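Below is one structure, written out as structure tokens, with a few remarks after it.
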Amino acid sequence: MSGNDMANNRATKSGFAAEAQRKINSKYSDELAQECLEWIKVVTGENFNTSGDMDNFYEILRDGTLLCRLINTLQPGSIKKINESQMAFKCMENINGFLENARTMGVPAQETFQTVDLWEKQNLNSVVICLQSLGRKAHNYGKPSIGPKEAEKNVRQFSEEQLRAGQGVISLQYGSNKGANQSGINFGNTRHM
């Protein structure tokens, strides 16, 4: 492979990567991001720009300090040390601390994000999803929540008699075989003589 072929190959790969990044970014919602930032502002009492613009969202949250303060406001003392340093590994430590606590507070794993999704601005939509999920849990900690109200458990108690009566019923979801036969059914090709 010549040097020129390798350069073209690299350009194609980066083109695919750029296209993939555009697809990820297209899912990002300025409105939902703004709702998250406004919610964080209300809960923490801090003052910052709540524009849902992707660049602002990233700049406000990228070092993880505000996310850590949010967790500590919801559950005081959860994050013992918030790194104020702008060194990459310290910021990623903050983000990781936020994620660990978000999971313990009830955010499902599929609604969290990877540290690099925020730190390297790879998938800010997943950060919004995580904050929305945490926002729905905030009422459990005496704070205002965002998004739709979560469903509550609806446990039903049946007597033994009711359970036995249900066992003898064949649900119509299973269908019926009334009038069924196999006439007219043939598989494959017919025999030619």
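Positions are given from 1 along the sequence. Since we're looking at a predicted model, the values are computed, not measured.
- In this structure, Glu161 places its CD atom where only 12 or fewer heavy-atom neighbours from other residues, nucleotides or ligands lie under 6.0 Å away.
- At a threshold of 4.5 Å between non-hydrogen side-chain atoms, the residues Ile82 and Asn72 count as touching.
- Ion pair Lys41/Glu46 not flagged as a salt bridge, since none of the NZ, NE, NH1 or NH2 atoms sits closer than 4.0 Å to an Asp/Glu carboxylate oxygen.
- Counting only N and O atoms by type, the side chains of Asp63 and Gln86 include a donor and acceptor under 3.5 Å apart.
- Val116 is not connected to Met54 by any chain of hydrophobic side-chain contacts under 4.5 Å among Ile, Leu, Val, Met, Phe, Trp and Tyr, and they are in different clusters.
- Here the side chains of Thr65 and Asn83 are not in contact, with every heavy-atom distance at 4.5 Å or above.
- Using a 4.0 Å cut-off between a side-chain N of Lys or Arg and a carboxylate O of Asp or Glu, Glu111 and Arg136 qualify as a salt bridge.
- Residues Ala33 and Gly52 come closest through the heavy atom pair CB-O, 3.7 Å.
- Proximity of Tyr141 to Thr73: side-chain heavy atoms (C-beta onward) are nowhere separated by under 4.5 Å.
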Could you walk me through whether Leu32 and Asn125 pass the side-chain contact (heavy atoms from CB on, under 4.5 Å) test, one step at a time?
CA-CA 9 Å; Leu32 289 177; Asn125 183 52; 6.0 Å; no
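- Distance alone, capped at 3.5 Å, places no donor-acceptor pair between the Asp30 side chain and the Asp53 backbone.
- Side chain of Ser133 to backbone of Ile129: no donor-acceptor contact under 3.5 angstrom is found.
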Determine whether Thr50 and Glu35 satisfy the following criterion, side-chain contact (heavy atoms from CB on, under 4.5 Å), listing intermediate values before the conclusion.
CA-CA 8 Å; Thr50 59; Glu35 183 182 26; over 6 Å; no
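- Taking each heavy atom of Asn49 and Asn56 in turn, the nearest pair found is O-ND2, 3.0 Å.
- Between Arg22 and Glu19 there is a salt bridge, with a side-chain nitrogen of the basic residue lying less than 4.0 Å from a carboxylate oxygen of the acidic one.
- Under a 3.5 Å cut-off, the side chain of Tyr58 and the backbone N or O of Trp119 do form a donor-acceptor pair.
- Contact annotation: the side chain of Phe57 approaches that of Val128 to within less than 4.5 Å [non-hydrogen atoms, C-beta and beyond].
- Taking every heavy atom of both residues into account, Trp39 and Ala138 meet most closely at CZ2-CB, 3.6 Å.
- Contact check for Leu124 versus Asp117: no side-chain heavy atoms found under the 4.5 Å cut-off.
- For the pair Ile71 and Leu134, the minimum side-chain heavy-atom distance is below 4.5 Å.
- Contact of the Ile95 side chain with the Phe113 side chain is registered, since non-hydrogen atoms from C-beta on lie closer than 4.5 Å.
- Of all the heavy atoms in Gly106 and Lys137, the pair that sits closest is O-CE, 2.7 Å.
- No more than 12 heavy-atom neighbours from other residues, nucleotides or ligands sit within 6.0 angstrom of CD on Glu160.
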Could you walk me through whether Val43 and Leu74 pass the side-chain contact (heavy atoms from CB on, under 4.5 Å) check?
CA-CA 8 Å; Val43 170; Leu74 293 172; 4.1 Å; yes
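- Residues Leu61 and Ile40 are in side-chain contact: their nearest non-hydrogen atoms beyond the backbone lie under 4.5 Å apart.
- The structure places CD of Gln132 at 8.5 Å from OG of Ser29, a figure rounded to the nearest 0.5 Å.
- Under a 3.5 Å cut-off, the side chain of Asn101 and the backbone N or O of Ile79 do not form any donor-acceptor pair.
- Interatomic distance, Gln110 CD to Ser126 OG, rounded to the nearest 0.5 Å: 13.0 Å.
- A continuous path of Ile, Leu, Val, Met, Phe, Trp and Tyr side chains, each step under 4.5 Å between heavy atoms, connects Leu70 with Phe48, placing both in one hydrophobic cluster.
- The CZ atom of Phe98 lies 9.0 Å from the CE atom of Met105; values are rounded to the nearest 0.5 Å.
- Distance check: Met92 CE to Thr115 OG1 gives 7.5 Å after rounding to the nearest 0.5 Å.
- How far OG of Ser51 is from CD of Glu38: 9.5 Å, rounded to the nearest 0.5 Å.
- Contact record, Gly135 with Ser145: O-CB, 2.9 Å, taken as the closest heavy-atom pair.
- Side-chain contact of Gln114 with Gln122: a donor-acceptor pair under 3.5 Å is absent, judged by distance alone.
- Here Cys68 contributes atom SG and Lys80 contributes atom NZ; the two are 12.5 Å apart, rounded to the nearest 0.5 Å.
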